[in-house]
There are 2 protein chains.
Amino acid sequence: MSKSPVVSSAALETPCCTPMAQQRIPAPAAATLAQAFKALGDPIRLQLMSMIASAPGGEICVCDLTPAFTISGTTISHHLKVLREAGLIDGERRASWVYYRPRPGLMRQLSTLLAVEESVTV
Amino acid sequence: MSKSPVVSSAALETPCCTPMAQQRIPAPAAATLAQAFKALGDPIRLQLMSMIASAPGGEICVCDLTPAFTISGTTISHHLKVLREAGLIDGERRASWVYYRPRPGLMRQLSTLLAVEESVTV
DNA sequence: TGTCAACCTCGACGCATGTCGAAATCACCG
DNA sequence: CGGTGATTTCGACATGCGTCGAGGTTGACA
């Protein structure tokens, strides 16, 4: 569960990250970062991510996630795996239930990457 | 060229956007936002986006984008269309060349959405 | 007007992805 | 030990997506 880091921890810990408006993203970094954006690029995964990130107590049970959607539990599980492998969340089994929590490190990198200077408003 | 706003301008101008760590994303907003994340979820598009966002003068010619990659100009054009339809960039033809510029509005929304409080560092 | 260069659209091709049901795994509990 | 509920894995299917070559459109220029 907590054992599926497809994205190397080195890549996750290395701050990529000046805003892309200030500096072009090098090709190697683009691969890892694009994987994270792709993981957020599905409406269901984006909602899952927001439910996990905003969970009171910092974590939430899959059993609380599943009933919020009409798709099958199988598919929810698949989407959670994609988020996990992108390095955005982490899961832990406790008793019969699995709890997911956000990994703020990568989220912060993505946020910084997209940051735009205040003055450049269009 | 500048006429392909698949994402309604209403959706683009409405600030979605409190950080997802503070508030769950409503389903309707998730669709538009996920489209933008998906557009960034390809290594080539992410690099294109960063080249456009960091272009000196605020814009860059397709003819300067294409030679930076090994894929065909057809495919570059396709990727630019995806970024355009997601509301992330805008293109304009001038003389024989087409210039692209970033649309900071949506980028800023995405950045805010991913923002994490300083203290929650893990 | 004809030609050339830049860029886009179209149609096609494989590969990736979202979805499901069935079956496996894990942990509790009687 | 056997049963039950929660979650993941597996296998299959349809759809979506990245890529290309061929051909079309636009604008410059002789």
Side-chain angles (χ1 to χ4, degrees), chain A residues 1-6 27 30-31 34-49 51-52 55 59-86 88-101, chain B residues 1-6 27 30-31 34-49 51-52 55 59-86 88-101:
Chain A
M1 194 62 48
S2 49
K3 263 313 201 42
S4 49
V6 166
Q35 186 188 357
F37 281 124
K38 182 189 282 188
L40 296 174
D42 178 279
I44 292 189
R45 282 199 295 268
L46 192 54
Q47 289 178 79
L48 284 171
M49 187 69 214
M51 291 174 74
I52 295 168
E59 64 178 18
I60 189 170
C61 176
V62 175
C63 59
D64 291 325
L65 258 18
T66 307
F69 302 87
T70 57
I71 62 179
S72 73
T74 305
T75 305
I76 298 285
S77 185
H78 163 70
H79 285 309
L80 290 171
K81 183 181 183 183
V82 173
L83 290 170
R84 224 166 52 217
E85 292 183 343
L88 288 164
I89 62 176
D90 203 0
E92 179 193 359
R93 175 154 222 146
R94 257 191 340 262
S96 289
W97 296 274
V98 176
Y99 295 84
Y100 280 93
R101 74 181 71 248
Chain B
M1 193 63 47
S2 48
K3 264 309 201 46
S4 48
V6 165
Q35 186 188 356
F37 281 124
K38 183 189 282 189
L40 296 173
D42 177 279
I44 291 188
R45 282 199 295 269
L46 192 55
Q47 289 179 80
L48 284 170
M49 187 69 212
M51 291 175 75
I52 295 168
E59 64 178 19
I60 188 169
C61 176
V62 174
C63 59
D64 291 323
L65 259 17
T66 306
F69 302 87
T70 57
I71 61 179
S72 74
T74 304
T75 304
I76 297 287
S77 186
H78 163 69
H79 285 309
L80 290 171
K81 183 181 182 183
V82 173
L83 291 169
R84 220 165 56 218
E85 291 182 344
L88 288 164
I89 61 175
D90 202 0
E92 179 192 359
R93 173 155 224 147
R94 245 171 15 243
S96 289
W97 295 274
V98 176
Y99 294 85
Y100 280 93
R101 73 182 67 246

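Note that the coordinates shown come from a computational prediction; the quantities given were computed from them, not determined experimentally. Letters A, B, ... mirror the listed sequences (proteins, then strands); counts begin at 1.
- His79(B) places none of its side-chain heavy atoms less than 4.5 Å from the side chain of Phe69(B).
- Remark: side-chain polar atoms of Thr66(A) are paired, donor with acceptor, to backbone N or O of Val62(A) under 3.5 angstrom.
- Side-chain atoms of Arg93(B) and Tyr99(B) form no donor-acceptor pair, as typed in the model, at a separation below 3.5 Å.
- Taking atom CG of residue Leu80(B) and atom P of nucleotide dC7(C), one finds them 10 Å apart after rounding to whole Å.
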Could you run down the sub-3.5 Å N/O contacts of the protein with nucleotides 16-19 of chain D?
unit_1	atom_1	unit_2	atom_2	d
dC17(D)	OP1	Lys38(B)	NZ	3.2
dG18(D)	OP1	Arg45(B)	NH1	3.1
dG18(D)	OP1	Arg45(B)	NH2	2.8
dG18(D)	OP2	Arg45(B)	NH1	3.3
dT19(D)	OP2	His79(B)	NE2	2.4

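- When all heavy atoms of Ala55(A) and Ile60(A) are compared, the closest pair comes out as CB-CB, 3.8 Å.
- A sub-4.0 Å separation between OP1 or OP2 of dC7(C) and a side-chain N or O of Tyr99(B) is absent.
- Between the side chains of Thr74(B) and Ser77(B), no donor-acceptor pair of N or O atoms lies under 3.5 Å.
- Judged purely by atom type and a 3.5 angstrom limit, Arg45(B) uses its side chain to pair as donor or acceptor with the backbone of Ala39(B).
- Between Asp64(B) atom CG and dA6(C) atom C1' the separation is 12 Å, expressed in whole Å.
- Between the C1' atom of dC7(C) and the CD atom of Glu92(B) lies a distance of 15 Å, rounded to the nearest Å.
- Atom CH2 in Trp97(A) sits about 9 Å away from atom C1' in dG5(D), given to the nearest Å.
- Only one option out of Met49(B), Arg84(B), Glu59(B) pairs with Tyr100(B) in a side chain to side chain contact (heavy atoms under 4.5 Å, CB included); it is Arg84(B).
- Rounded to an integer number of Å, the gap from Tyr100(A) OH to dA6(D) P is 16 Å.
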Polar atom pairs (N or O), protein with nucleotides 22-27 of chain D, under 3.5 Å:
none

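- Considering all non-hydrogen atoms of both residues, Leu46(B) and Ala30(A) come closest at CD2-O, 3.7 Å.
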